[in-house]
Amino acid sequence: MQFPSMPSPKKIVFGYDPDEFEEFVKEWVPALNPLYVRVERHGGSGDHGIDVAGYRTPQGLEGPWDNYQCKRYKSALSWNTASAEMRKMFAGVVLGHFIRPTQYVFVAPAIARTLRQALAKPSEARATFLQDLTGTTDEVITRLTPEEQLRVRELAEQTDFSMFVPVDMDLMLAQHKTTPAWATRFGDELRERPAILQPPDRHDPGETRYVRELVKVYAERWKDAADTLELIAQHPKAGDHMRRQREAFYSAESLRRFARDAYPDGHFNAILDDVHTIAVEVSDRRYEYGWDRLQAVLEAAGVIALTETVLSRYVRPLDRKGVCHHLANDGRLAWCEEEGAS
């Protein structure tokens with residue numbers, strides 16, 4: 001029996017409604033220019049012709065910015081539709097809604113070849129635009145005062161029309177694939193996880209809390225024979241145990257960094273929460289020693305069912321142990337009961 005194949009990302013995008021298409025564009029824009037200080041979606045009534053804006057400075061629309069005009073139609077984006085959006089942009093500048101964008105990008109699943117050809121010759125595109133502007137019945141222009149209409153024309157005459165560019169959908173998808181949003185929106189092929197980080201010889205400040213919890217465990221079990229890092233390193237059992245726990249911590253840290261770079265926020269935290277949900281119940285049982293609690297939690301972490309996400313398939317047994325130490329590092333788990341606790 002053959003199962004139907006998943007539609008291609010391009011086919012999925014072609015099926016988006018205008019709102020979903022704008023969200024898709026908002027996800028893509030940061031990949032196009034990672035130097036934007038902020039990317040905002042403006043689409044909707046009263047947007048003055050801005051769908052998605054990429055701000056190059058904290059000044060937003062009052063400083064250098066780029067406009068991404070999203071057009072999701074059944075047919076290819078034509079010159080007539082594009083020039084209407086240009087008129088809206090020039091009118092918005094004249095009316096003081098924003099300064100002229102540095103670049104104006106037409107984003108559509110399909111762009112007519114005639115529009116691409118027109119935009120490939122900026123001086124001719126400007127001449128055609130000015131010719132169309134004469135006698136236009138577009139309300140965006142006709143509702144302006146004669147003085148404002150003149151300023152629109154003057155602004156267009158002074159504008160280098162190379163600022164208007166179409167985007168290629170194949171290139172857009174390739175760039176979107178580099179963003180964390182790709183896996184959520186289109187599914188994800190198996191990625192190569194980077195090599196596991198190895199613990200440095202000297203303890204990093206970021207390890208302080210979970211290491212302190214381990215020292216308490218060793219001091220409780222072996223008393224003053226293993227109550228400092230120096231003595232632990234020399235101890236025949238505590239030293240080897242500490243080494244293994246640090247390897248586990250850094251394995252989970254490798255997973256955290258991989259998730260941070262490859263996927264949307266929250267996936268590693270979801271792993272933490274899954275492990276914590278069970279580990280905290282195991283931890284709350286009565287134990288004679290913190291060592292027993294630690295071992296019970298580590299054993300339980302090895303068999304916890306993780307929520308299926310794009311990240312869960314990359315989780316290794318060592319990561320699960322390390323997640324327990326990340327939880328201890330965050331103060332969500334402790335191994336030894338404080339004196340006086342019942």
Side-chain angles (χ1 to χ4, degrees), residues 192-262 267-307 311-338:
E192 183 177 355
R193 179 176 161 179
I196 293 177
L197 295 170
Q198 295 301 309
D201 292 337
R202 295 177 62 88
H203 289 246
D204 186 89
E207 299 181 74
T208 300
R209 194 162 185 171
Y210 90 89
V211 167
R212 186 167 61 234
E213 286 296 316
L214 288 171
V215 172
K216 290 179 184 178
V217 168
Y218 304 146
E220 185 183 64
R221 182 173 181 184
W222 290 294
K223 310 303 181 186
D224 56 5
D227 60 356
T228 68
L229 290 177
E230 292 75 12
L231 290 172
I232 291 168
Q234 301 168 17
H235 195 277
K237 290 189 176 180
D240 191 52
H241 188 270
M242 172 70 84
R243 175 187 57 76
R244 298 198 306 270
Q245 307 322 302
R246 293 188 69 217
E247 288 174 351
F249 177 86
Y250 276 92
S251 180
E253 175 63 14
S254 301
L255 179 68
R256 185 191 71 80
R257 297 186 187 186
F258 171 62
R260 176 199 64 193
D261 296 338
H267 281 286
F268 182 73
N269 286 339
I271 301 292
L272 288 175
D273 291 342
D274 278 351
V275 173
H276 181 262
T277 297
I278 303 302
V280 71
E281 301 299 334
V282 175
S283 177
D284 275 351
R285 298 172 188 164
R286 295 184 65 85
Y287 298 92
E288 183 176 0
Y289 295 110
W291 173 271
D292 300 322
R293 176 176 288 104
L294 169 61
Q295 296 306 114
V297 168
L298 294 180
E299 183 177 343
V303 295
I304 289 171
L306 300 176
T307 303
L311 183 63
S312 60
R313 58 181 168 172
Y314 295 99
V315 178
R316 302 167 179 171
L318 195 60
D319 299 328
R320 291 168 172 266
K321 288 178 58 178
V323 163
C324 295
H325 295 301
H326 273 257
L327 290 168
N329 216 40
D330 294 339
R332 300 174 67 183
L333 289 177
W335 311 127
C336 297
E337 291 187 356
E338 299 295 333

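Note that these values count all heavy atoms, side chains included, but never hydrogens, waters or copies made by symmetry.
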Enumerate, atom names and distances included, each donor-acceptor pair closer than 3.5 Å involving a side-chain atom of residues 238-245, sequence neighbours excluded.
| unit_1 | atom_1 | unit_2 | atom_2 | d |
| --- | --- | --- | --- | --- |
| Asp240 | OD1 | Arg243 | NE | 3.2 |
| Asp240 | OD1 | Arg243 | NH2 | 2.4 |
| Asp240 | OD2 | Arg244 | NH1 | 2.7 |
| His241 | ND1 | Tyr218 | OH | 2.6 |
| His241 | NE2 | Gln245 | NE2 | 3.3 |
| His241 | NE2 | Gln295 | OE1 | 3.3 |
| Arg243 | NH1 | Glu247 | OE1 | 3.4 |
| Arg243 | NH1 | Glu247 | OE2 | 3.0 |
| Gln245 | OE1 | His325 | NE2 | 2.9 |
| Gln245 | NE2 | His241 | O | 3.2 |

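- Side chains of Asp204 and Tyr250 form a contact here, defined as non-hydrogen atoms less than 4.5 Å apart.
- Salt-bridge formation is not detected for the pair Arg209/Glu213: no Lys NZ or Arg NE/NH1/NH2 atom is positioned less than 4.0 Å from an Asp or Glu carboxylate oxygen.
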**Request:** Please report the C-alpha distance between Phe258 and Arg260 in whole Å, then the side-chain angles of each, then the deciding distance to 0.1 Å, and finally whether the side chain to side chain contact (heavy atoms under 4.5 Å, CB included) criterion is met.
**Result:** CA-CA 5 Å; Phe258 171 62; Arg260 176 199 64 193; over 6 Å; no
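- The structure places OH of Tyr314 at 15.0 Å from OG of Ser254, a figure rounded to the nearest 0.5 Å.
- Using a 4.5 Å heavy-atom threshold, the side chains of Leu197 and Ser251 count as separate.
- With sequence neighbours excluded, the residues satisfying side chain to side chain donor-acceptor pair (under 3.5 Å) with Arg193 are Asp319.
- Across Lys321 and Ala248, no two heavy atoms sit closer than the pair CB-CB, 3.8 Å.
- For His326 and Phe249, the ring centers sit closer than 6.0 Å to each other.
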**Request:** Take Val217 and Cys336 through the side chain to side chain contact (heavy atoms under 4.5 Å, CB included) test and state the conclusion after the steps.
**Result:** CA-CA 6 Å; Val217 168; Cys336 297; 3.9 Å; yes
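- For the atom pair CG of Asn329 and CD of Glu207, the computed distance is 8.0 Å after rounding to the nearest 0.5 Å.
- Relative to the six-membered ring of Trp291, Arg221 meets both conditions, a distance below 6.0 Å and an angle of at most 45° to the axis.
- For the pair Asp273/Arg332, a side-chain contact is recorded, criterion being any heavy-atom separation below 4.5 Å from C-beta on.
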Under 3.5 Å, which donor-acceptor pairs link side chains of residues 222-232 to any protein atom two or more places apart or in another chain?
| unit_1 | atom_1 | unit_2 | atom_2 | d |
| --- | --- | --- | --- | --- |
| Lys223 | NZ | Glu220 | O | 3.4 |
| Thr228 | OG1 | Leu231 | N | 3.1 |

**Request:** Please test Leu255 against Ile196 for side chain to side chain contact (heavy atoms under 4.5 Å, CB included), starting from the C-alpha separation and ending with a verdict.
**Result:** CA-CA 8 Å; Leu255 179 68; Ile196 293 177; over 6 Å; no
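- A distance-only check finds no donor-acceptor pair linking the side chain of Asp292 to the backbone of Tyr287 [under 3.5 Å].
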**Prompt:** Hey, mind stepping through Tyr210 and Arg246 against side chain to side chain contact (heavy atoms under 4.5 Å, CB included) and telling me if it holds?
**Reply:** CA-CA 9 Å; Tyr210 90 89; Arg246 293 188 69 217; 3.4 Å; yes
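- For the side chain to side chain contact (heavy atoms under 4.5 Å, CB included) with Ser283, the lone residue among Ile278, Leu327, Val297, Leu294 that qualifies is Val297.
- Between Ile304 and Arg320, the closest side-chain pair of non-hydrogen atoms falls below 4.5 Å.
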